[in-house]
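Note that this is a predicted model, so its numbers are computed, not measured.
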Amino acid sequence: MLTTIAPSEKSLESGLQYWLMFLNFIIQKLDLHKDDQGMDEEDREERRRLWWATYIIDRHAALSFNGRPRLTDQECSSLPTPCPDAIWDHLSPLPRSEKNCPPHSMASRYQVRSLDMLGAFLPLSRILGDILEYHFLDDHPTFNTNKALLDTSRTTIIRNLQLWFDSFESLVEPDFCRISEPECELVPGDSNPAVAYYGLHMYHCMFVLLHGRMDVVRLYHDLEWQASPDFLTAGEHAVACANVARHILRVDPRLSFMYRYFGTYFLQSSFIFLILAQKLGQQSDSLILRNCAINLQVLDQFVLATNMDYQRTFAELLRKALSNNMTRSFQEKAHASHDDTSALEELESHLDPEMLRYRWTPGFTGLWAHTDP
């Protein structure tokens with residue numbers, strides 16, 4: 001199951017879709033989405049944890065490879081969420097009084113129950129699935145005409161993100177969440193586990209995904225989006241992601257805790273700064289350059305840890321954007337080529353051709369870039 005999170009070698013990448021489909025098939029064949037009342041509590045809990053771990057991978061894979069979730073919320077609506085790791089890892093048998101009950105309300109599905117992988121990321125994975133469905137509707141030629149439906153969907157997602165944040169904030173140290181602020185020099189204590197830093201980064205990335213375009217070319221090309229409040233919201237949360245990433249490097253310098261899972265969200269949260277640095281050129285302000293530098297530090301560590309193609313390519317692009325060898329600003333280049341070069345062609349002249357393989361638009365497969373652009 002862990003090897004399905006993201007490819008690190010081409011040999012694994014070539015068979016990845018098969019293994020993802022096989023994984024989903026096998027857990028459904030075993031009916032892990034149903035709570036077997038005839039088993040003892042330990043066996044029931046193990047089945048739940050296997051299902052929910054696969055559920056998280058399913059949604060992560062859907063984002064990574066530009067698809068839709070395969071496991072539906074409807075089929076597991078009555079399955080209890082997993083108990084905290086502190087209870088599961090205890091040597092004593094699980095007492096009936098400690099077993100996890102089904103959610104009492106829809107709101108509880110989006111709240112952090114414990115600061116561990118399943119407890120923190122399962123609610124965010126539910127929200128991620130909702131965001132992916134929202135973008136599917138927004139890109140659909142029929143459904144995207146129903147503005148009321150889209151607005152309701154987005155409002156619900158934002159409300160659920162607030163539920164997650166409120167519950168998360170109650171489990172970490174006071175002021176911990178301020179590390180996402182640019183001016184904050186707070187260094188949180190050791191009582192906050194690594195999962196808290198990664199969870200906070202993923203929380204802010206959810207807003208980048210919701211209010212952004214997910215695809216680097218669309219981010220660059222969509223001038224209407226760049227002039228909208230969505231651009232400002234996505235940018236603010238991208239700044240927060242960079243600030244949290246700086247602390248992730250401090251507490252987990254080798255990114256060993258969950259580097260494959262983290263990689264996709266980090267990439268999505270970094271796209272905006274690459275676009276801004278390329279568009280503004282020498283006119284990029286200190287905040288943009290600072291965040292590009294932070295993201296480049298993280299990417300360089302990713303390359304050391306996993307050496308994935310897209311990480312090397314994106315690191316090269318960021319390094320070029322930060323280079324002092326930029327002799328002309330983007331505005332000068334755009335003016336010189338205004339008559340014979342479209343905005344999309346201008347972007348493609350700035351982007352490494354390898355980067356154009358990794359796209360989040362219909363017809364492309366995100367990080368599963370097995371074909372030429």
For residues [X] and [Y], is any side-chain donor paired with an opposing acceptor at under 3.5 Å?
X	Y	value
Asp252	Ser256	yes
Arg290	Asn243	yes
Gln226	Asp222	no
Arg126	Tyr110	no

State yes or no: do [X] and [Y] share one hydrophobic cluster built from I, L, V, M, F, W and Y residues joined by side-chain heavy-atom distances below 4.5 Å, directly or via other members?
X	Y	answer
Tyr261	Val303	no
Leu232	Ile275	yes
Ile294	Tyr198	no
Met21	Phe65	no

Note to self: Ring centroids only, cut at 6.0 angstrom: are Phe271 and Phe314 within range, meaning strictly under it?
What the structure shows: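 Under 6.0 Å, so yes.
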
Note to self: Could you check, using the six-membered ring where one of them is a Trp, whether Tyr197 and Phe176 have ring centers closer than 6.0 angstrom?
What the structure shows: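 Between Tyr197 and Phe176, the centre distance is under 6.0 Å.
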
Checklist line | Any donor-acceptor N/O pair, Asp58 side chain to Thr54 backbone, under 3.5 Å | finding: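 Such a contact is absent between Asp58 side chain and Thr54 backbone.
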
Check: Do any N or O atoms from the side chain of Asn66 and from the backbone of Phe364 form a donor-acceptor pair under 3.5 angstrom?
Finding: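 Yes: the side chain of Asn66 pairs with the backbone of Phe364.
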
Between [Y] and [X], does any NZ, NE, NH1 or NH2 come within less than 4.0 Å of an OD or OE carboxylate oxygen?
X	Y	answer
Asp300	Arg319	yes
Glu133	Arg59	no
Arg49	Glu45	yes

